[in-house]
Amino acid sequence: MDAQINITLPDGSVRQYEKGTSAMQIAESISSGLARNVLSAKVNGEVWDANRPIDGDSSVQLLTWDDKDGKATFWHSSAHLLAEALEAVYPGIKFGTGPATSNGFYYDVDPGEHKISSDDFKKIEDKMLELARQKNTFDRSPITKEEALKYFTEKGDEYKIELIEKRGEDEALTLYKQGNFVDLCRGPHLPSTAKIKAVKLMNVAGAFWQGDDSRQQMTRVYGVSFQKQKELTQYLHMLEEAKKRDHRKLGKELGLFMFSEKVGQGLPIWLPNGTALRSRLEDFLKAEQIKRGYQPVITPHIANKELYVTSGHWEKYGEDSFQPIKTPREGEVFLLKPMNCPHHCEIYGHRPRSYKELPVRIAEFGTVYRYEQSGELHGLTRVRGFTQDDAHIFCTPDQVKEEFLNVLELTQHVLSKMGFEEFTAQISLRDPNNKEKYIGSDELWDKAESAIIEATKEVGLKTITELGEAAFYGPKLDFMVKDALGRSWQLGTIQVDYTLPNRFELEYIGADNQTHRPVMIHRAPFGSMERFIGVLTEHCAGRFPLWLTTDQFAILPVSDKYLDYANKLKATLAEHDIRGYIDDRTESIGKKIRDTEVKKVPFMLIVGEKEEAAKNVSVRKQGEGDLGAMEIEAFAKYFKDLL
RNA sequence: GCCAGUGUAGCUCAGUUGGCCAGAGCAGCUGAUUUGUAAUCAGCGGGUCGGGGGUUCGAAUCCCUCCACUGGCUCCA
């Protein structure tokens with residue numbers, strides 16, 4: 001047996017080491033500085049402990065804080081450190097699972113009689129740091145299922161036992177031990193706890209065991225940790241900054257929308273500034289849709305229950321939604337419209353359709369009402385009454401791909417026009433192990449799913465795939481965008497549906513003079529006006545794209561002696577379709593500037609004696625400062641070039 | 001819906017062993033100031049301390065309950 005192994009590094013170089021060398025030893029052989037930064041290593045594509053011996057020829061990539069997987073190792077180990085501290089502070093506490101997340105880590109625990117609240121964080125954090133300073137190593141040891149069961153049965157950790165019992169008989173399990181804490185864990189972990197120099201517990205939350213709301217609720221403790229105190233300070237500062245971009249805060253400050261307890265939870269009220277913004281967005285999309293052959297329609301906000309019995313929505317959501325509206329007539333019930341599709345199916349089906357008129361694209365900014373659980377409501381991004389930029393395309397099976405691609409083009413156009421460059425395209429498929437949650441045959445699902453997969457592949461769209469995220473009637477392509485705090489929200493959506501046309505018995509007459517069933521594509525590039533504007537507000541921190549902004553400029557006269565001149569300037573800009581107002585209050589110029597800055601009006605045009613004499617304006621850009629004097633026509637040109 | 005936390009003026013917040021008529025800044029109103037690149041000065045008005053119930057001589061403060069909001073979980077047609 002050869003005692004030497006070949007290690008291939010990411011740059012392609014191959015080095016020889018003794019069998020059993022660890023990634024950490026490899027790092028040390030390269031430089032001690034590198035070794036100090038190594039958190040874990042990718043060995044043949046799998047993330048390993050940096051200290052785990054490598055026994056054969058392998059490709060090795062050393063992972064540091066700058067690698068996503070390196071960071072995940074750091075936070076995963078921090079979760080174990082948290083668990084160790086919790087066990088020390090709350091003896092007898094039971095453990096669920098404790099993974100790394102995209103911005104830290106958590107551990108789900110059952111504290112028994114204890115109650116963990118944020119008041120206890122300080123002592124837990126102190127304990128964590130105390131334990132970290134012991135520089136304990138994370139020791140990996142393989143264990144059989146039987147041994148693992150024995151260990152955790154003796155410890156009395158029933159959650160771990162449940163996890164172990166789910167594993168295969170011959171599956172290799174591992175334990176990790178640091179200090180006095182032993183956990184069932186596949187790893188990997190840090191070389192030692194010494195790397196963890198700064199910890200901060202963020203919050204506690206309830207979390208259902210195994211994500212199942214019929215099961216026991218665990219206490220989930222969230223935290224974040226760093227290699228340096230300074231990094232933690234910076235992170236907390238970043239969070240503070242992110243809070244300033246919160247659309248709920250900005251929406252209040254900019255007068256976009258409000259809520260009223262009397263009107264009801266989750267029912268946003270659009271204020272004048274928000275309405276102006278929203279109208280501009282709607283007008284933009286309406287124009288784009290007309291260009292692309294959509295036909296706008298308007299449908300009522302309520303419909304007879306029978307409509308939703310036909311669509312399947314009654315059976316799926318009836319009990320959990322706004323309850324039916326009764327009429328004086330015995331037995332007659334109406335429902336608030338929870339979506340527009342059934343109405344549009346009725347429009348399609350109200351007269352015979354020829355293949356010659358397909359695809360039929362029916363569009364509506366349709367307001368819908370859904371009784372979302374109270375704990376789910378969130379600013380504008382999750383509400384109970386909202387307006388979808390909805391449309392349904394009815395087409396022949398042959399047209400599905402082309403229509404899907406057209407919609408994809410429109411959706412991407414919308415996102416780019418709004419300045420969303422970073423989004424995730426998610427293919428949301430049915431959960432194959434949970435088919436009873438969905439309606440429609442396997443055959444139709446396969447068709448619909450492959451239509452989406454093929455079309456996205458054809459245009460080279462980078463996608464991720466999630467099982468179980470489909471709508472109950474069909475798969476979706478969802479466009480996900482992150483808010484200020486990194487939470488992901490679904491905006492645009494495109495859905496391919498073979499099922500509803502069946503339920504509504506929709507037809508068209510083909511070239512063969514036979515009846516055929518159309519395919520339906522549901523799509524909403526914004527998703528909903530509410531959520532879109534909420535996420536857009538955070539994305540641009542309240543500084544909306546210039547073409548969307550209600551007040552594009554404010555003219556600030558130094559005193560009211562210059563109001564006549566200001567009015568002339570405003571009229572000139574109006575001729576150029578540039579919107580704005582004159583701040584004619586008798587306030588100091590400094591005060592006017594401050595107020596206009598706070599309102600995030602993009603341009604301030606300051607006029608006084610100098611400007612009137614020179615027939616120009618002093619231009620100040622919001623957030624940036626004085627740009628100097630310009631003639632008004634020059635400003636108009638400069639402005640239009642920015643659009 | 002579940003777990004935890006929060007709720008004081010239009011906004012942002014003080015008011016921590018229960019104790020004089022509950023405070024500040026900004027905003028608002030009135031007056032003066034005609035102002036040069038992020039807050040002119042003075043005066044004035046404004047609060048069922050989220051709602052209801054209880055404990056107490058006395059409650060913004062303690063307890064119960066409901067509501068809303070925040071962070072998660074579950075859910076998201």
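By convention in this document, chain letters (A, B, ...) are assigned in the order of the sequence lines, proteins followed by strands, and residues within each chain are numbered from 1. As the structure is a prediction and not an experimental result, all values here were calculated from the model.
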| query | Once the angle between the rings of A/His313 and A/Tyr473 is folded into 0 to 90°, is it parallel (under 30°), tilted (30 to 60°) or perpendicular (over 60°)? | reply | perpendicular

| Partner nucleotide of B/C41 by Watson-Crick or wobble geometry (both distances under 3.5 Å) | B/G31

| message | Centroid distance below 5.5 Å plus an interplanar angle below 30 degrees: do A/Tyr317 and B/A77 meet both conditions? | response | yes

| query | On a whole-Å scale, what distance lies between the C1' atoms belonging to B/G45 and B/G31? | reply | 15 Å

| query | Starting at NE2 of A/His313 and ending at C1' of B/C76, how long is that distance when rounded to a whole Å? | reply | 12 Å

| request: Using a strict cut-off of less than 4.0 Å between a Lys/Arg side-chain nitrogen and an Asp/Glu carboxylate oxygen, indicate whether A/Asp583 and A/Lys591 qualify as a salt bridge. | output: no

| Would you call A/Asp126 and A/Lys122 a salt bridge, taking side-chain N to carboxylate O under 4.0 Å as the test? | yes

| request: Pick base, sugar-phosphate or nothing for A/Gly608, based on heavy-atom distances below 4.0 Å to the nucleic acid. | output: base

| Contact nearer the 5' end of RNA chain B, comparing A/Leu377 with A/Lys437 | A/Leu377

| OP1 or OP2 of B/A77 under 4.0 Å from side-chain N/O of A/Lys337 | no

| message | Taking B/G52 as the reference, what is the distance to B/C75 when you measure between their C1' atoms (whole Å, please)? | response | 32 Å

| Can you tell me how far P of B/C69 sits from CE of A/Met258, to the nearest Å? | 13 Å

| The side chain of A/Lys115 lies closest to which of these nucleotides: B/G5, B/A77, B/G71? | B/G5

| task | Between A/Arg382 and A/Lys591, name the one whose nearest nucleotide on RNA chain B is closer to the 5' end. | result | A/Lys591

| task | Just call it for A/Glu261: base, sugar-phosphate, or nothing, with non-hydrogen atoms closer than 4.0 Å on any strand. | result | sugar-phosphate

| Proximal nucleotide (of B/G1, B/U34, B/G71) relative to the A/Ser559 side chain | B/U34

| Lys/Arg-Asp/Glu bridge criterion (N-O < 4.0 Å) met for A/Lys115, A/Asp120 | no

| said: Counting the atoms with a prime plus P, OP1 and OP2 as sugar-phosphate, which does A/Lys621 contact under 4.0 Å by heavy atoms, base, sugar-phosphate, or nothing? | reply: nothing

| With a 4.0 Å cut-off on heavy atoms, is A/Arg620 in touch with a base, just the backbone sugar-phosphate, or nothing at all? | base

| query | Choosing from B/A77, B/U37, B/C67, which nucleotide comes nearest the side chain of A/Ala471? | reply | B/A77

| said: So if I take every side-chain heavy atom of A/Arg594 and compare against B/C75, B/U12, B/A38, which nucleotide ends up nearest? | reply: B/A38

| said: My understanding is that a pair needs two contacts under 3.5 Å, Watson-Crick or G-U wobble. By that rule, which nucleotide pairs with B/A24? | reply: B/U12

| query | If the C1' atom of B/U48 is compared with that of B/A32, how far apart are they to the nearest Å? | reply | 37 Å

| query | Using a cut-off of 4.0 Å on non-hydrogen atoms, how would the nucleic acid contact of A/Ala207 be classed: base, sugar-phosphate, or nothing? | reply | sugar-phosphate

| query | Given side chains that start at C-beta, do those of A/Phe635 and A/Leu605 come closer than 4.5 Å, heavy atoms only? | reply | yes

| said: Heavy atoms from C-beta onward define the side chain here; which of B/U34, B/A77, B/A27 lies closest to that of A/Thr586? | reply: B/U34

| task | Find out whether A/Lys252 and A/Phe257 are in side-chain contact, i.e. whether some heavy atom of one side chain is under 4.5 Å from a heavy atom of the other. | result | no

| task | For A/Arg370, answer base if it contacts any base atom (sugar-phosphate contacts may also be present), sugar-phosphate if it contacts only those atoms, and nothing otherwise; contact means non-hydrogen atoms under 4.0 Å. | result | base

| query | Which listed nucleotide (B/A77, B/G36, B/G1) is nearest to the side chain of A/Gln495? | reply | B/A77

| field | Protein-nucleotide distance (A/Asp119, atom CG; B/U16, atom C1'), rounded to Å | value | 13 Å

| remark: Ranking B/G36, B/C75, B/A4 by distance to the side chain of A/Val204, first place goes to B/A4

| task | Mind checking A/Glu253 for me? I need base, sugar-phosphate or nothing, with any heavy atom below 4.0 Å counting as a touch. | result | nothing

| Nearest listed nucleotide, side chain of A/Ile589, among B/G36, B/C3, B/U37 | B/G36

| query | At under 4.0 Å between heavy atoms, what does A/Lys592 touch on the DNA or RNA strands: base, sugar-phosphate, or nothing? | reply | nothing

| said: For a quick check of understanding: with a heavy-atom distance under 4.0 Å over all strands, which category does A/Tyr222 fall into, base, sugar-phosphate or nothing? | reply: sugar-phosphate

| Looking across every strand, which nucleic acid part, if any, lies under 4.0 Å from A/His522 by heavy atom: base, sugar-phosphate, or nothing? | nothing

| task | Select base, sugar-phosphate, or nothing to describe what A/Glu611 touches, counting heavy atoms under 4.0 Å on all strands. | result | base

| task | Answer yes if the ring centres of A/Phe479 and A/Phe526 are under 6.0 angstrom apart, and no otherwise. | result | no

| request: Indicate, with a heavy-atom threshold strictly under 4.0 Å, whether A/Asn203 touches base, sugar-phosphate, or nothing. | output: sugar-phosphate

| request: Rounded to whole angstrom, note down the C1' distance from B/C63 over to B/A59. | output: 11 Å

| request: Assign the ring pair A/His522 / A/His392 to parallel, tilted or perpendicular, where the plane angle (0 to 90°) is split at 30° and 60°. | output: perpendicular

| task | Please state how far atom CZ in A/Arg585 lies from atom P in B/U33, giving the value in whole angstrom units. | result | 19 Å

| Can you check the A/Asp108 CG to B/G71 C1' distance for me, whole Å? | 15 Å

| task | Looking only at side-chain atoms of A/Lys561, point me to the closest of B/C26, B/C76, B/U34. | result | B/U34

| Hey, does A/Gln265 reach any base, or is it just sugar-phosphate, or nothing, if we go heavy atoms under 4.0 Å? | sugar-phosphate

| said: Regarding A/Gly211, tell me which of base, sugar-phosphate or nothing describes its non-hydrogen contacts under 4.0 Å with the strands shown. | reply: sugar-phosphate

| Is there a donor N/O on one and an acceptor N/O on the other, under 3.5 Å, for the side chain of A/Ser618 and the base of B/U37? | yes

| message | Rounding to an integer number of angstrom, what distance separates B/G50 and B/G7 when you compare their P atoms? | response | 8 Å

| field | Pair A/Lys615 + A/Glu631, salt bridge at N-O below 4.0 Å | value | no

| remark: Rounded to whole Å, the NZ-P distance (A/Lys252 to B/C69) equals 12 Å

| said: Would you measure the distance from the P atom in B/A24 across to the matching atom in B/C62 and give it in whole Å? | reply: 24 Å

